S.K.: 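Let me begin by handing over the structure; questions about it come next.
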Amino acid sequence: MAREPLGGLKRTCYCGEVNAAHTGAAITLMGWVQRRRDHGGLIFIDLRDREGIVQLVFSPDAPTVHDKAHELRSEYVIAVRGTVRKRPPGTENPSLKTGLVEVAVSELRLLNDSAPLPFVLEDDTDVAEMTRLKYRYLDLRRPALQKKLLLRHKVAMAARNYLAENGFLEIETPVLTKSTPEGARDFLVPSRLTPGSFYALPQSPQLFKQILMIGGFDRYFQIVRCFRDEDLRADRQPEFTQIDAEMSFVEREDVMVIMEGLIRRIFKEGLGLDLATPFPRLTYKEAVGRFGVDNPDVRFGLELKDLTETVRSSGFKVFADTAAKGGVVKAICAKGCAEFSRKELDDLTAIAVSFGAKGLAWVKLTPEGWHSPIAKFLSDGVKAAIAGALDAATGDLLLFAADRPAIANTVLGRLRLNVGNRLGIVPKEGFNFVWVTEFPMLDYDETEKRCVAVHHPFTAPMDEDIGKLDAEPLSVRAKAYDLVLNGSEIGGGSIRIHRSDVQSRIFSKLGIGEEEARSRFGFLLDALSYGTPPHGGIAFGLDRIMAIMTGSDSIRDTIAFPKTQKAADMMSEAPSTVDQKQLDEISIRVVKKAAKTEEERKG
RNA sequence: GGGGCCGUAGUUAAGUCGGUUAUAACGCUGGCCUGUCAAGCCAGAGGGCGCGGGUUCGAGUCCCGUCGGCCCCGCCA
C-alpha cells in the first residue's frame, strides 16, 4: 500500500485524550497501530500515541477507507479523520481510559509502514533485556517505559522549579575536566592539542560547584551527567544523572531542611504524595549498630543486638576469643524462623561467608530447647541472657556474627535484609526516608595502607572533632549526610572545608603530599585562600530516585538509553574501534591485547 | 579479578539416560468472518540449537575454549 504525505493534516488531540466530551466531534488523530481486529466486515484498530489508546472503527459502508484499513499491520503509522461516538451499549471497554467512545473513521492516511516486529510491544513483556536494548526505539514505545520517562521529566521539572524558586541558579560545569587521584576510576579523553595529556569526564561537578560558591553565586544547582568507570550493577551505570546543589553561608541543618523541601516537591508533583517532614535521622553509629549498614532499611525490625559483653566470659571459644581480640558478637532474632530447613540455613551461611564471615552460628529455639551446633558450649545462664537481650521466644531463629565490627555488622545487616524478604515483612509500597549523619571522615584502606576519605577529601570535619585529627583520625566525624530511601542511598552531601589550611591538613592526612596536592588541586587551594565562604551541598542520584518511584528493579528502566553490564550500548554498539587516522591524530597507540577487531569480538 | 544463573524459530519456552524428520504457544503470511478489544475459525511459512574445537558410529544434550546477557563480591571518595 502506498505511503502518503501528511498533506496538511493537523492533529486535534492525543489518542489517549479522546473521551465522552468529544462525542459528535470531528477529530484528527495520529499514531501507531497497536492492534488490528479484522472481522471481515467491521475492522477495529487500536491507535496508540504517548497519551494512550483509542479504538478506531472502519465500516464496510465506506469501502475505500475500509479496504485500506484491511492492509494495516502492527506499528504502521497513520493519520485518521473521523467522528467520536459513544460505543454501543455493552461494548464499552472499562480497561481503556477512552473505552466509552470510539472513532468512526472517514479518512485514513498511511504515513509509514513497519517491518514485522522483533517482539510484541506490550507492557507485560517477557522479552530478554538484551533484545529490548537492541531495539530500544521499539521498547520505548511501550506505555510502561513511556510512563517512567514522563515521570522522570516531571521530577526533573519539579526539582528545577523548586530550586529556582529558592534562589538556586542553574549553571553548567565542564564535561572535559581534570583527572583527580581520589575516588572512582576516571573516563579519560585524550587531548589532540596536547599529545600525551588527557581530560577526565567528571565523576561529579564537586570542585566546580565549590568554585562557584567561591565565585559568589551563593546558590547553584544542575541536573548533570556524571561518569565513573567502575563495574556496573543494577543500580549503577557508567554515566548517571545527579541533581546537584551547593549553597553558601549554611550549616548542615540548612542544607537538610531545604533539601527535604526538594524531595517533598518532587513527590508531590511526581506522584501527588504529601511526604511528612522533617525526615527521621540516625547517626552513622546508630545506623550501623542497629541495622548493620549505613543505608538502613528502617521499614522493619529484625535489628542487630550487641551480645559481646554477654558472651565475653562464656565457654564458647569462638565468641570469647572474638571479644578478647576487640571484636564484637552480635545477633538478630528471626521471629518464627525455627522451622528453616538445612538448605535455608546453608543459603544464609553462604551469604554470611560472601560478606566476609568465617561461618554462621545459628540457634533454633524449639519447644525442646536450644537446637544448635553451639548450644553445648553455652551455659543456661548465658543462654537466658542471650534470649533476653534478643527478646527471643520459642519458634525463633537466632543468627550470630562474631568478628571485627565492620564484618559482623555487614554480615548481619545483609542477613537481616535477606531474612526480612524471606519473611515478607519488607513493605512493597510506600516511601520511607531517613537521614544518616555524622559519618566518619576517614577510613583506613588496608590495600593502600593509608587513610582514605569516606565521603570525599573536601568534606569538613565536625568542629568538636577537629582536635582528634592527629591522635585518633579514624574517630573524627564529618559534617556529612546521606539521604536513604527504602534502604537505598539516594543522595549525599556535606559541609565543605572552606579554609585552605584545613584543606591542606586533610590532604596530608590522606597521604597526598604537598607537591601532589598542588599539582592536582592547586587551583582549589588557591581559590580557598581568596575569601571562600562557608558552604555545603548535596547531590541526589536521579536514576535511583526514579527507580524507586517507579518500582523498577534496575535503573536501566529509568534511563532512555542505558548500557549493559559491560558498559556497552546494544543499540549503537558503542564502544567500538576507530580508524587508525583518528588514533594518529590523538597520538594513541593501541597495544595488541586490547586490539581485538570487531570480527574477533563477535566470534 | 572472582562467584552464580542463562543463550534452542521473530518472541517466550519444552527437549528424558546422547539416537529417526528438533516440539509448543504467541507473533508472522494467506483465507473466512459486521461489535471486537489477548477477537474467533481454517491453512501455511519459519530454526538446526550463540560461536569454535573435541569425545562418539551418532551431540541441542557430554568435555574444553570463547563471545554475549543478567545478578552478586571486590570496586564504586
Side-chain angles (χ1 to χ4, degrees), chain A residues 34-47 53-61 66 70 73-74 87-96 98-99 102 115-135 138 180-186 203-204 206-207 226-238 240 350-351 353-356 410 414 418 439 441-443 445-448 451-459 478 480 489 492 494 506 510 512 539 541 553-554 556 563-566 568 570 573 596 598-603:
Chain A
Q34 175 71 29
R35 205 186 302 277
R36 179 179 62 118
R37 291 179 295 281
D38 187 342
H39 291 226
L42 286 178
I43 298 172
F44 298 100
I45 298 286
D46 288 339
L47 189 66
I53 284 176
V54 68
Q55 174 167 281
L56 310 180
V57 188
F58 296 82
S59 161
D61 302 340
H66 185 265
H70 188 71
R73 296 292 183 271
S74 287
R87 293 194 186 195
T91 66
E92 299 89 353
N93 183 352
S95 60
L96 277 186
T98 61
E102 60 193 13
L117 301 170
F119 53 90
V120 182
L121 306 188
E122 282 174 353
D123 272 352
D124 49 351
T125 178
D126 197 19
V127 180
E129 193 174 7
M130 201 185 347
T131 309
R132 291 173 44 205
L133 290 173
K134 180 176 176 186
Y135 300 97
L138 295 178
T180 55
E182 295 285 301
R185 190 177 295 114
D186 286 322
Q203 298 173 25
S204 84
Q206 180 60 37
L207 290 172
C226 305
F227 306 86
R228 293 178 191 175
D229 189 7
E230 295 291 348
D231 288 352
L232 277 56
R233 289 283 193 283
D235 62 351
R236 282 173 11 200
Q237 284 274 299
F240 59 99
I351 293 167
V353 170
S354 79
F355 285 96
T410 302
R414 296 302 183 128
N418 190 280
F439 279 77
M441 185 146 128
L442 301 168
D443 193 11
D445 187 313
E446 295 290 348
T447 321
E448 299 199 23
C451 282
V452 293
V454 169
H455 191 56
H456 58 54
F458 321 108
T459 300
E489 183 202 325
S494 63
I506 298 300
L510 294 171
I512 302 173
D553 290 330
S554 158
R556 290 187 299 275
K563 291 183 172 56
T564 67
Q565 198 156 55
K566 277 194 70 187
M570 298 300 280
E573 298 189 309
K596 281 188 178 179
E598 292 283 336
E599 286 66 36
E600 281 169 340
R601 281 197 289 117
K602 283 174 178 167

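Sequence lines set the chain letters: A, B, ... in the order given, protein chains first and strands last, and positions in each chain run from 1. The shown structure was predicted, so the numbers you read here are calculated from the model rather than taken from an experiment.
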S.K.: Would A:Asp235 and A:Arg233 pass as an ion pair if we require N to O under 4.0 Å?
M.R.: no

S.K.: Quick one: does A:Glu102's side chain have a donor or acceptor within less than 3.5 Å of a partner on A:Pro88's backbone?
M.R.: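 Pair absent, no side-chain N/O of A:Glu102 close to backbone of A:Pro88.
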
S.K.: Within this structure, what is the NE2-CD1 distance for the pair A:His70 and A:Ile43, rounded to the nearest 0.5 Å?
M.R.: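 Going from NE2 on A:His70 over to CD1 on A:Ile43, the span is 6.5 Å.
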
S.K.: Which nucleotide, if any, forms a Watson-Crick or G-U wobble pair with B:U36, using both distances under 3.5 Å?
M.R.: none

S.K.: Is the shortest distance from a Lys or Arg side-chain nitrogen in A:Arg236 or A:Asp231 to a carboxylate oxygen in the other one below 4.0 Å?
M.R.: no

S.K.: Just the rounded figure in Å: distance from C1' of B:U11 to CG of A:Leu138.
M.R.: 13 Å

S.K.: Which base, if any, makes a Watson-Crick or G-U wobble pair with B:G47, both distances under 3.5 Å?
M.R.: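 Matched B:G47 with nothing under the 3.5 Å cut-off.
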
S.K.: Is the base of B:G48 syn or anti, where syn means the angle lies within 90° of 0?
M.R.: syn

S.K.: Which is true for A:Glu92 with a 4.0 Å heavy-atom rule: it touches a base, it touches only sugar-phosphate, or it touches nothing?
M.R.: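 Base, at least one base heavy atom under 4.0 Å.
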
S.K.: Taking atom P in both B:G52 and B:G60, what distance in whole Å separates the two?
M.R.: 13 Å

S.K.: Can you say whether a donor on the side chain of A:Arg87 sits under 3.5 Å from an acceptor on the base of B:C37, or the other way round?
M.R.: yes

S.K.: Less than 4.0 Å between a side-chain N and a carboxylate O, is that true for A:Glu230 and A:Arg185?
M.R.: yes

S.K.: Between B:A13 and B:G35, how far apart are the C1' atoms? Round to whole Å, please.
M.R.: 34 Å

S.K.: Students often get this wrong, so: under 4.0 angstrom with heavy atoms, is A:Asp38 touching a base, only sugar-phosphate, or nothing?
M.R.: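 Touches a base.
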
S.K.: Examine the side chains of A:Asp186 and A:Gln203 and answer whether a donor and an acceptor come within less than 3.5 Å of each other.
M.R.: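 A pair is found: one side chain offers a donor N or O, the other an acceptor, under 3.5 Å apart.
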
S.K.: OP1 or OP2 of B:A39 versus the side-chain N and O atoms of A:Arg36: is any pair under 4.0 Å?
M.R.: no

S.K.: To the nearest Å, give me how far apart CD1 (A:Ile45) and P (B:G35) are.
M.R.: 16 Å

S.K.: Can you tell me the distance, in whole Å, between the CG atom of A:Leu47 and the C1' atom of B:U36?
M.R.: 16 Å

S.K.: Measure from the ring centre of A:His39 to the centre of the six-membered ring in the base of B:A39, then say whether that distance is under 5.5 Å and the planes meet at under 30°.
M.R.: yes

S.K.: Please give the distance between the P atoms of B:U21 and B:C28 as a whole number of Å.
M.R.: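 Each nucleotide's P atom is 32 Å from the other's.
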
S.K.: For B:C72 and B:C63, measure between their P atoms and round to the nearest Å.
M.R.: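 After rounding to an integer number of Å, I get 28 Å for this pair.
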
S.K.: In plain terms, say whether A:Glu122 and A:Arg35 are close enough for a salt bridge, that is, a side-chain N and a carboxylate O under 4.0 Å apart.
M.R.: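 Here A:Glu122 pairs with A:Arg35 in a salt bridge, since their nearest N and O are under 4.0 Å apart.
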
S.K.: Name the pairing partner of B:C41, where a pair is Watson-Crick or G-U wobble with both distances under 3.5 Å, or state none.
M.R.: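 Answer to the pairing question: B:G31, which forms a Watson-Crick or G-U pair with B:C41.
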
S.K.: At less than 4.0 Å, is any side-chain N or O atom of A:Gln203 found next to OP1 or OP2 of B:C76? Yes or no.
M.R.: no

S.K.: Kindly say if A:Lys566 contacts the phosphate of B:G68, meaning a side-chain N or O under 4.0 Å from OP1 or OP2.
M.R.: yes

S.K.: With rounding to whole Å, what would you report as the distance between B:C26 and B:A39 at their C1' atoms?
M.R.: 15 Å

S.K.: Rounded off to whole Å, could you give me the NZ-to-C1' distance for the A:Lys134 and B:G50 pair?
M.R.: 12 Å

S.K.: Under 4.0 Å between a side-chain N or O of A:Arg35 and OP1 or OP2 of B:A38?
M.R.: no

S.K.: Without decimals, in angstroms, what is the distance between A:Gln565 CD and B:C71 C1'?
M.R.: 7 Å

S.K.: When we call it a touch if two heavy atoms are under 4.0 Å apart, what does A:Val452 touch: a base, just sugar-phosphate, or nothing?
M.R.: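 Here A:Val452 touches no strand at all.
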
S.K.: Does B:U56 have a Watson-Crick or wobble partner in any strand here, with both distances under 3.5 angstrom, and which is it?
M.R.: none

S.K.: At under 4.0 Å between heavy atoms, what does A:Asp445 touch on the DNA or RNA strands: base, sugar-phosphate, or nothing?
M.R.: nothing

S.K.: Between A:Arg73 and B:U29, is there a side-chain N or O to OP1/OP2 distance below 4.0 Å?
M.R.: yes

S.K.: For the side chain of A:Arg132 and the base of B:G69, is some donor closer than 3.5 Å to an acceptor across the two?
M.R.: no

S.K.: Of all the choices, B:C73, B:U12, B:G35, which nucleotide is nearest to the side chain of A:Leu42 once you look at every atom?
M.R.: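 Between B:C73, B:U12, B:G35, the one nearest the side chain of A:Leu42 would be B:G35.
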
S.K.: Could you tell me whether A:Ser204 contacts a base, only the sugar-phosphate backbone, or nothing, with contacts defined as non-hydrogen atoms closer than 4.0 Å?
M.R.: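 It contacts base atoms.
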
S.K.: Taking only the side-chain nitrogens and oxygens of A:Thr564, find out if one of them lies under 4.0 Å from OP1 or OP2 of B:G69.
M.R.: yes

S.K.: Establish, with yes or no, whether the OP1 or OP2 oxygen of B:C71 is under 4.0 angstrom from a side-chain nitrogen or oxygen of A:Arg556.
M.R.: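 Checking A:Arg556 against B:C71: at least one side-chain N or O falls below 4.0 Å of OP1 or OP2.
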
S.K.: Tell me: CD of A:Glu230 to C1' of B:C75, nearest whole Å?
M.R.: 5 Å

S.K.: Between A:Arg37 and B:A39, does any side-chain N or O lie under 4.0 Å from OP1 or OP2?
M.R.: yes

S.K.: For A:Gly41, does its backbone N or O pair with a side-chain atom of A:His39 as donor and acceptor, under 3.5 Å?
M.R.: no

S.K.: Between B:A14 and B:C32, how far apart are the two C1' atoms, rounded to whole Å?
M.R.: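 So the two C1' atoms sit 33 Å from each other.
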
S.K.: Suppose you measure atom C1' in B:U20 against the same atom in B:G40; what distance do you get, rounded to whole Å?
M.R.: 37 Å

S.K.: Evaluate whether the aromatic ring of A:Phe44 and the six-membered ring of the B:U36 base sit under 5.5 Å apart, centre to centre, with an inclination under 30°.
M.R.: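 Yes, the aromatic ring of A:Phe44 stacks with the base.
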
S.K.: Taking atom C1' in both B:G3 and B:C17, what distance in whole Å separates the two?
M.R.: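 That atom pair is separated by 30 Å.
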
S.K.: Can you identify which nucleotide, out of B:G35, B:G69, B:C71, has its nearest atom closest to the A:Ser554 side chain?
M.R.: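 Selected nucleotide (nearest to the side chain): B:C71.
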
S.K.: Who does B:C70 pair with, Watson-Crick or G-U, both distances under 3.5 Å?
M.R.: B:G4

